[in-house]
2 protein chains.
Amino acid sequence: MDSGKINQIHNNIDRVIHEPVRLAILKILSLAKEVDFKFLLTTLGLTKGNLATHINKLEATKLITVKKEFRGKIPHTSYSITNKGREQFQEYWKNMQELAPE
Amino acid sequence: MDSGKINQIHNNIDRVIHEPVRLAILKILSLAKEVDFKFLLTTLGLTKGNLATHINKLEATKLITVKKEFRGKIPHTSYSITNKGREQFQEYWKNMQELAPE
DNA sequence: CATAATAGGTTTGTAGTAGAAACTAGTTTT
DNA sequence: AAAACTAGTTTCTACTACAAACCTATTATG
C-alpha cells in the first residue's frame, strides 16, 4: 500500500482470464505445452461452439497460440500457452491472492 | 482424481462469489466483522447503486447480513459476513486453488 | 429561507458476454 | 446413401455489471 486510492483491488482482475472456463484452459495449457481441441472438449465438457469462442478470446489477447494442421486429410488443431500468457496468468493469481482469505 | 467425468473444475466456481467486487467485499468483511456502507463505497470506489446491487446479491444468498439503524435521525447501514458466508468463501478458494498454477 | 450536501438506497437503460443450438464443410466409416 | 467425425462459425437468448437518474429524508450553509 502506498498512497492515493488504494484497495480497489478488484480493478486489477483481468476479466479475460477470470472466466472459469478460460482459467481451466490456461491451467491445462500451463501444464501440458500442447493440447488439442478434442482433448479440451471432452475434458472440460463444453459444446464445440462454446469452446471455440473461449479459444478465440484467448488467442485474440495473445495468451495462447493456435496450430492448425492436417493429419492425412483430417484437420487437427492444437493450442499452446504463450510466454505472455504464462506471465499474465501468474500476474492474475498474484492479484487474486490479495482477495483471498488469509 | 477418482472416476467418471473429472476436470470440470470450472463448474464448481460459485458465480456469486466469483465477481471481483464481491470478492473484495467478502475479503473486507472477513477481516472486519462490521463495516458500513460509506466505508465500502469509498474504499471500493463504486457508485452507490452498484454497491447496493452487489450487497443485495450477497444478502439474498445469505453470505452477509445487513443491519439498518438510525443514528439520531440519520440512517446508518452496516454489514457482516455470516458463518455460511465464511464457509462458502473458504470453499470457493479451495476450488479456485485447483485452477491456480503450481 | 432556499439550496446544497449527506445517507442510502431503487429504477432504468445500456453494453457486454456466456452458452446452447443450428448450420457449414470436408472426410470417413457403415 | 447415410451417419458420424473434425473443427469450427453464426445466430439467438438470457443474464449481468455498471452508470446515471431519480427518490426520500435530514442536516448543514450562504
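Keep in mind that what you see is a predicted model, and the values were worked out from it rather than measured. Throughout, protein chains are lettered first and strands after them, A, B, ... in sequence-line order, and every chain is numbered starting at 1.
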State which residues pass side chain to side chain donor-acceptor pair (under 3.5 Å) with A:Tyr92; sequence neighbours excluded, sorted by chain then number.
-> A:His18
Whole angstrom value for the distance that separates P of C:dG9 from CG of B:Leu51 = 8 Å
For A:Glu34, all residues meeting salt bridge (charged side-chain N to carboxylate O under 4.0 Å, His left out), sequence neighbours excluded | A:Lys67
Across the strands shown, which category fits A:Tyr79 at heavy-atom distances under 4.0 angstrom: base, sugar-phosphate, nothing?
-> sugar-phosphate
Partners meeting side chain to side chain donor-acceptor pair (under 3.5 Å) with B:Gln88 (sequence neighbours left out) = none
Sequence-distant partners of B:Lys84, side chain to side chain donor-acceptor pair (under 3.5 Å), two or more places apart | none
Which residues, if any, of residues 12-25 of chain B bring a heavy atom under 4.0 Å of DNA chain D?
-> B:Glu19, B:Val21, B:Arg22
Which nucleotide in D:dT9, C:dG8, C:dA18 has an atom nearest any side-chain atom of A:Ala52 = D:dT9
Output for pair (A:Ile25 CD1, A:Leu46 CG), nearest 0.5 Å, gives 7.0 Å
By side chain to side chain donor-acceptor pair (under 3.5 Å), which residues pair with B:Asn12, not counting sequence neighbours?
-> none
With sequence neighbours left out, the residues meeting salt bridge (charged side-chain N to carboxylate O under 4.0 Å, His left out) with A:Glu59 are none
Closest non-hydrogen atoms of B:Ile55 and B:Tyr79, given as atom of the first, atom of the second and distance, are CG2-CE2, 3.5 Å
Using a cut-off of strictly less than 4.0 Å between a heavy atom of the residue and any atom of DNA chain D, enumerate the qualifying residues of residues 54-63 of chain B by number.
-> B:His54, B:Lys57
Applying side chain to side chain contact (heavy atoms under 4.5 Å, CB included), name anything that partners B:Ala100, two or more places apart in sequence or on another chain.
-> A:Trp93, B:Gln97
Name all residues meeting the salt bridge (charged side-chain N to carboxylate O under 4.0 Å, His left out) criterion together with B:Glu91; count only those two or more places apart in sequence or in a different chain, and write none if there are none.
-> B:Lys94
Under 4.0 Å protein heavy-atom contacts per nucleotide of nucleotides 22-30 of chain C, with B for base, S for backbone only and - for none = -----SS--
Measure the angle between the two terminal helix axes of the helix from C:dC1-D:dG30 to C:dT30-D:dA1, five base pairs each, and quote it to 10°.
-> 20°
